[in-house]
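Below is a structure I'd like to ask you about.
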Amino acid sequence: MYKVLIADDEKIIRMGLRSVIDWEEQGYTIVGEASNGSEVIRAIDELSPDVILIDIRMPKISGLDAIKQLREDGFNGRFIVLSGYSDFEYAQTAINYNVTSYLTKPVDTGKLTEVLGRIREELDNEKEAKQSRDDFMSKARKQLLRGLLTGEIKLSDNEKNDLSLNHSSYQVIFCEKYSHELEDQSYDLSDLLRVTNKNENEIENISLDGRNVILLKGSHPIEKLNLMLDKFSGDFPPEKNSPLDSIFMACGSVVTEADEIPQSYKEAMSLLMHRFFCDKNQHSMIYSDSKESAFPADETTLSAAEKQSLRDEMIENYSSLLVNNIQVFNRNKIAETLKNLQNDLYKAPLSIREEKDLLVDIYLKIKEKLVILFSQTEIPFMTNSEALSFIINSHYLYEIILFLSEQADMVMTSIGYSSRDSIIDDVIYYIEHNYSSNITLENIAPLFGYNSSYLGKIFSKKLGTNFNSYLDSVRIDKAKDILERSKIQVYKVAEMVGYKNVDYFHIKFKKNTGMSPAEYRKQNS
């Protein structure tokens with residue numbers, strides 16, 4: 001329905017115009033009335049009508065003067081001028097103001113219907129043309145964005161202006177659903193970022209090869225993203241079933257020039273392709289050129305022969321280490337070996353499928369060696385096809401590491417290792433030697449063949465404190481030692497003992513010691 005405003009200083013005429021035809025049947029709805037030129041100008045500003053029926057002679061500001069002012073202000077609606085005078089001078093003046101029609105009072109119903117039909121047809125054509133133009137511009141804009149992100153085209157200065165690429169910083173993020181089991185992603189990251197971002201042009205959302213890509217332009221949305229990423233750290237995981245809990249992000253680096261955007265895109269894409277290496281409950285991967293381990297290896301750097309040599313070496317090395325440690329029931333060494341395997345696979349220049357195949361071969365090699373070593377013992381191994389299916393279909397490396405750990409535990413139980421009293425000692429040993437890394441109960445439990453919930457219960461039962469509290473006490477003790485014997489800056493001390501967030505480190509340190517790190521150093525150095 002197109003909107004109509006009726007303007008006449010006589011109420012009875014306004015009422016008559018309302019009832020003279022079936023407006024809805026003609027495709028219109030009357031949104032308001034005005035009794036003088038001033039009211040017309042105000043009503044048009046508030047109601048944005050498409051068609052105005054307006055009397056020439058009205059008090060305060062005449063109809064013609066109102067039309068003149070509105071045209072000068074850029075209003076492009078249709079005017080149907082009404083007058084009791086069939087004076088040529090009025091008609092000529094009205095034509096100069098680009099009015100659609102000039103009707104004399106009393107208004108002829110047939111003539112009004114004819115004029116409204118012509119206007120509706122014009123408005124329909126304009127609407128269709130605008131939609132086509134908008135669709136074309138949207139497609140052209142998205143095509144430019146695709147070319148920019150992938151580096152396929154180099155944009156001209158005018159094209160950069162069209163895409164609002166006049167900011168001091170840019171960042172590319174790939175966003176997808178966190179859980180592989182969910183059919184649809186419940187929340188959209190770009191919508192969450194727009195909540196406090198007034199400038200719509202600073203956030204671009206585009207689909208590339210079925211993947212959701214977001215381009216942030218300017219410091220404000222990038223700062224907003226960083227606040228979100230803080231909630232993804234080990235210290236502040238997102239709450240279950242919250243919007244952030246449904247999202248996984250792969251973030252390229254922040255670049256300062258529009259021409260560097262493809263670099264950020266490439267980094268984010270590479271991280272997304274290596275989501276296989278995420279820890280349990282990890283919701284983001286962030287590129288950092290300051291940490292070698294923060295960026296996965298490129299699988300194209302080795303030849304086929306070099307890859308095969310690397311595979312053979314890793315299969316023999318890790319299968320031998322794990323078999324040896326299983327034989328002597330050394331849980332610490334098994335956990336350490338599996339952790340090293342994770343790290344080596346992250347750095348290895350192999351594809352995800354090649355790494356899964358390698359893990360299958362390691363498992364089969366371990367099984368083969370143990371069957372020969374303990375030929376008199378019935379060990380309930382999975383069938384080769386079952387193990388292969390599990391490893392190949394796993395979404396994450398930690399799932400496979402947990403599987404290998406469980407298999408090692410099963411073998412040790414089968415060949416005579418029944419005591420589990422030492423498991424907590426093994427966990428404590430592991431904490432003492434790895435406190436500076438991102439240790440959580442969820443990501444170390446698989447190394448010892450347990451799920452995190454059960455390991456947490458037996459840990460608390462034996463030590464009288466929960467896992468996180470014990471880990472904090474170890475880290476704070478290490479921090480106190482560093483503060484006493486060195487002048488290393490506090491934020492670096494926080495990083496050295498495993499706290500990514502220095503404010504969180506301050507909170508934990510003060511809770512443990514009753515003073516800040518600086519106060520402790522002053523008192524004890």
Side-chain angles (χ1 to χ4, degrees), residues 226-227 229-239 279-282 284 286 288 290-294 330-340 342-343 421-448 450 452-453 455-525:
N226 286 332
L227 290 175
L229 290 175
D230 283 344
K231 297 184 178 182
F232 286 89
S233 69
D235 297 331
F236 306 105
E239 294 181 9
D279 292 327
K280 188 175 183 179
N281 295 325
Q282 183 178 347
S284 64
I286 306 164
S288 171
S290 63
K291 296 181 181 179
E292 182 183 350
S293 62
N330 192 331
R331 282 185 177 276
N332 286 327
K333 282 298 182 180
I334 291 171
E336 182 181 320
T337 301
L338 290 174
K339 189 66 176 177
N340 290 338
Q342 277 185 293
N343 292 334
D421 293 338
S422 65
I423 183 65
I424 300 304
D425 294 331
D426 294 342
V427 174
I428 291 172
Y429 177 91
Y430 188 88
I431 291 173
E432 289 287 343
H433 290 80
N434 295 276
Y435 61 86
S436 62
S437 63
N438 179 31
I439 296 180
T440 66
L441 195 57
E442 285 77 13
N443 65 23
I444 73 164
L447 301 177
F448 297 95
Y450 286 86
S452 58
S453 177
L455 182 59
K457 287 178 182 178
I458 61 175
F459 189 96
S460 298
K461 185 176 180 180
K462 182 161 185 178
L463 295 187
T465 185
N466 65 43
F467 177 85
N468 289 333
S469 296
Y470 182 83
L471 175 61
D472 282 330
S473 68
V474 170
R475 285 173 166 170
I476 297 305
D477 285 344
K478 300 295 182 183
K480 286 158 66 175
D481 182 56
I482 297 171
L483 290 168
E484 289 172 10
R485 59 185 173 78
S486 75
K487 295 183 179 180
I488 297 173
Q489 293 170 295
V490 171
Y491 81 91
K492 289 185 179 179
V493 174
E495 291 178 357
M496 290 169 67
V497 298
Y499 291 105
K500 296 179 183 178
N501 187 301
V502 67
D503 293 330
Y504 189 68
F505 170 63
H506 273 268
I507 293 170
K508 289 294 184 181
F509 193 94
K510 192 162 187 177
K511 182 179 179 180
N512 183 281
T513 65
M515 62 186 79
S516 70
E519 291 169 340
Y520 182 87
R521 168 177 275 162
K522 185 176 181 180
Q523 183 172 314
N524 293 278
S525 61

message = Can you tell me how far apart CG (Leu471) and OG1 (Thr440) are? Round to the nearest 0.5 Å.
response = 9.5 Å
task = Can you measure from CG (Asn330) to CD (Glu336) and round to the nearest 0.5 angstrom?
result = 9.0 Å
ask   = Is the backbone of Ser486 close enough, under 3.5 Å, to the side chain of Arg521 for a donor and an acceptor to pair up by distance?
value = yes
ask   = Is there a side-chain contact between Asp425 and Arg331 (heavy atoms, below 4.5 Å)?
value = no
message = Set out, in order, the CA-CA distance, both residues' side-chain angles and the distance that settles side chain to side chain contact (heavy atoms under 4.5 Å, CB included) for Lys478 and Glu432, then state yes or no.
response = CA-CA 10 Å; Lys478 300 295 182 183; Glu432 289 287 343; 3.6 Å; yes
query = Are the side chain of Asn524 and the backbone of Tyr520 linked by a donor-acceptor contact shorter than 3.5 Å?
reply = yes
inquiry  = Run the salt bridge (Lys or Arg N to Asp or Glu O under 4.0 Å) test against Lys339 and tell me which residues pass, sequence neighbours left out.
reply    = none
message = Looking only at the side chains, is there a donor atom on one of Ser469 and Asn466 sitting less than 3.5 Å from an acceptor on the other?
response = yes
ask   = Hey, what do you get for CD (Gln523) to CD (Glu484), rounding to the nearest 0.5 Å?
value = 10.0 Å
task = Start with the C-alpha gap between His506 and Val490, add the side-chain angles, then the distance that decides, and say whether side chain to side chain contact (heavy atoms under 4.5 Å, CB included) holds.
result = CA-CA 9 Å; His506 273 268; Val490 171; 3.8 Å; yes
inquiry  = So does Lys457 get a backbone contact from the side chain of Ser460, meaning a donor-acceptor N/O pair under 3.5 Å?
reply    = no
message = How long is the straight-line distance from CD1 of Ile439 back to CG of Asp279, given to the nearest 0.5 Å?
response = 11.5 Å
ask   = Hey, does Leu455 have a side-chain heavy atom less than 4.5 Å from the side chain of Phe467?
value = no
message = With rounding to the nearest 0.5 angstrom, report the CG to CZ distance, Leu483 to Phe509.
response = 5.0 Å
key: Pairwise distance CD1(Ile507) to CG(Asp472) - rounded to 0.5 angstrom   = 11.0 Å
note = Heavy-atom nearest pair, Val497 first then Ala479, reads CG1-N, 3.7 Å
inquiry  = Do Ile476 and Phe505 make a side-chain contact, defined as non-hydrogen atoms from C-beta onward lying under 4.5 Å apart?
reply    = yes
